[in-house]
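Data first, discussion second: the structure below is written as structure tokens.
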Amino acid sequence: MAMWQPEIESMPREELRKLQSERLIKQVNRMYDKVECFRKRMDDQGLQPSDIHSVDDLKKLPFSYKQDLRDYYPYGLFAEPLENIVRVHASSGTTGKKIVVGYTKNDIDNWADSLARMFTAIGVGPKDFIQVSFGYGLFTGGLGAHYGAERVGATVIPISAGNTHNQIQTMIDFGATVLCCTPSYAMYLSETIEEMGVKDQLKLRVGIFGAEPWTEDMRIAIEKGLNIKAYDIYGLSEIMGPGVSYECECQAGMHICEDMFIAEIIDPETGEVLPDGSFGELVFTTLNKEGFPLIRYRTRDMCSLIYEPCKCGRTHIRMHKPHGRSDDMLIIRGVNVFPSQIEEVLLKVGGDVTPNYQIIVDRVNNNDTFDINVEMNEALFADDVKSVDKTEKMITSKLREVLGIGAKVHLVNPKSIERSEGKAKRVIDKRKL
Ligand code: DLL
């Protein structure tokens with residue numbers, strides 16, 4: 001079977017822009033006819049589909065929000081009759097009601113294409129055994145990766161997340177060469193492999209990780225721990241699932257499938273489109289989704305886009321790793337804190353502590369309390385109280401430098417913080433805000 005290599009990824013930008021404009025116009029017309037919420041918003045702004053002539057007019061169009069998915073739950077935003085929907089996925093997030101998305105047969109095909117592009121971009125093909133350790137089910141990770149893996153002709157090991165010892169034994173017995181899971185689960189797997197003393201029995205060479213923020217230092221730790229090259233993949237259920245963007249072999253930002261999605265960066269406060277290269281909120285418009293299309297969807301993910309051509313020759317723009325979500329961002333004593341900043345500090349400190357941590361925020365007498373439990377490693381645990389004290393003080397001062405506010409750092413026993421098989425839960429916010 002030939003490697004799957006679509007020309008669309010190296011399409012000249014002018015042609016790509018033309019394709020985007022054509023698809024945008026078609027999409028806006030379709031949605032105006034079929035999706036009540038979108039039509040109402042257009043009408044409220046005095047806009048007609050005929051006002052949209054090219055991607056330059058995108059900024060005229062109204063935004064859409066996660067709240068819309070809740071308000072029209074479950075199927076109110078679908079743009080196809082339900083008999084044309086062949087699959088639904090859902091995501092519950094940390095708060096509130098589930099959101100539901102639907103796919104037609106073509107949507108599933110395009111989704112598999114985007115993941116096939118990703119696998120091909122990092123040299124994964126028919127000879128590979130891909131262990132899909134993303135959760136299968138309503139979460140998009142498992143089935144998303146699965147269909148892409150089949151499309152490139154690889155052998156899929158559809159194991160889903162969890163049951164870690166069995167997971168590792170299967171990896172060894174079946175000769176998995178590629179691992180797909182969340183970065184926090186990859187860290188957990190790596191830790192358990194170390195404990196089991198089976199690292200030299202693994203055939204893994206590549207890992208594909210996403211669904212939650214992770215830092216460059218975490219990438220280094222995973223690559224070392226599992227002896228692989230680790231690639232980032234991004235996506236969200238509302239837009240499609242994994243594969244909205246993905247890294248190529250250069251590991252220098254994730255290429256957005258621009259024939260399928262238009263990305264914009266906006267100021268999350270004002271909604272204004274920011275100049276190229278700015279850091280802000282990522283907004284996506286789907287260009288060829290049939291079942292569940294969205295125009296200018298506010299992802300709440302904060303990042304910037306890279307417009308310089310990539311060394312790999314793909315012409316599609318790239319996005320930096322999202323720094324966190326504007327709605328994951330904690331405001332503690334008036335200061336913005338992203339959990340990823342804490343992870344960065346811990347990974348830099350390295351040595352005596354692990355990147356397993358939990359943030360606990362509370363409000364006592366109208367003041368925010370900010371505690372961070374950090375797991376120490378076995379060596380420090382066996383050391384004397386003075387060394388623990390010293391490390392605690394060092395982390396506290398490094399965190400203050402980065403965050404600009406003080407946190408109480410508590411070094412806790414090895415393996416005392418619960419491990420995650422999916423997305424890690426790093427924050428316990430007890431304030432009733
Ligand atoms: O997490 C889809 C996915 C599955 C992506 C597997 C990658 C791999 P949701 O559950 O809807 O969908 O969560 C989407 O997760 O808005 C981001 O905040 C975050 N996220 C996803 N990928 C990354 C990444 C899936 N590579 C939300 N880096 C998104 C940072 C990510 N954050």
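The first residue of the sequence shown is numbered 1, and numbering continues consecutively from there. Start at 1 and go down the list; that is how both ligands and their atoms are numbered.
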State whether the shortest distance between N or O atoms of Asp301 and N or O atoms of ligand 1 falls below 3.5 angstrom.
yes
Provide the number and element of each atom of ligand 1 under 4.0 Å from a heavy atom of Ser237.
9 (P), 10 (O), 11 (O), 12 (O)
Which segment of Thr140 sits under 4.0 Å of ligand 1 when only heavy atoms are counted
side chain
Which atoms of ligand 1 sit under 4.0 Å from any heavy atom of Pro322?
28 (N), 30 (C)
Are any of the heavy atoms in Glu212 under 4.0 Å away from ligand 1?
yes
Tell me whether Pro242 has any N or O atom under 3.5 angstrom from an N or O of ligand 1.
no
Kindly assign one of parallel, tilted or perpendicular to the pair Tyr234 and Phe284, based on the angle between their ring planes and the thresholds 30° and 60°.
tilted
Under 4.0 Å, counting heavy atoms only: does Lys423 come that close to any atom of ligand 1?
yes
Can Gln251 and Glu223 be counted as having a side-chain donor-acceptor contact under 3.5 angstrom?
yes
So, Asp128 versus Thr177: side-chain donor-acceptor pair below 3.5 Å or not?
yes
Taking the six-membered ring of Tyr357, is the NZ or CZ of Arg426 close enough (under 6.0 Å from the centre) and on axis enough (within 45°)?
yes
Nitrogen or oxygen atoms of Ile233 and ligand 1 under 3.5 Å apart
yes
Nitrogen or oxygen atoms of Trp214 and ligand 1 under 3.5 Å apart
no
What residue and atom, counting heavy atoms only, is the protein's closest point to atom 25 (C) of ligand 1, and at what distance?
Gly235 O, 3.6 Å
Using a 4.0 Å cut-off to any heavy atom of Gly141, which atoms of ligand 1 qualify?
4 (C), 6 (C)
When you check the side-chain N and O atoms of Gln167 and Glu421, is any donor under 3.5 Å from an acceptor?
no
Face-on cation placement of Lys289 at Tyr103 ring, 6.0 Å and 45° thresholds:
yes
Please write down residue, atom name and distance for the protein heavy atom closest to atom 19 (C) of ligand 1.
Ala211 O, 3.7 Å
Can you label the angle between the Tyr65 ring and the Phe63 ring as parallel, tilted or perpendicular, going by 30° and 60°?
perpendicular
Looking only at heavy atoms, which two atoms of Ser184 and Gly422 are closest? And how far apart?
OG-O, 3.3 Å
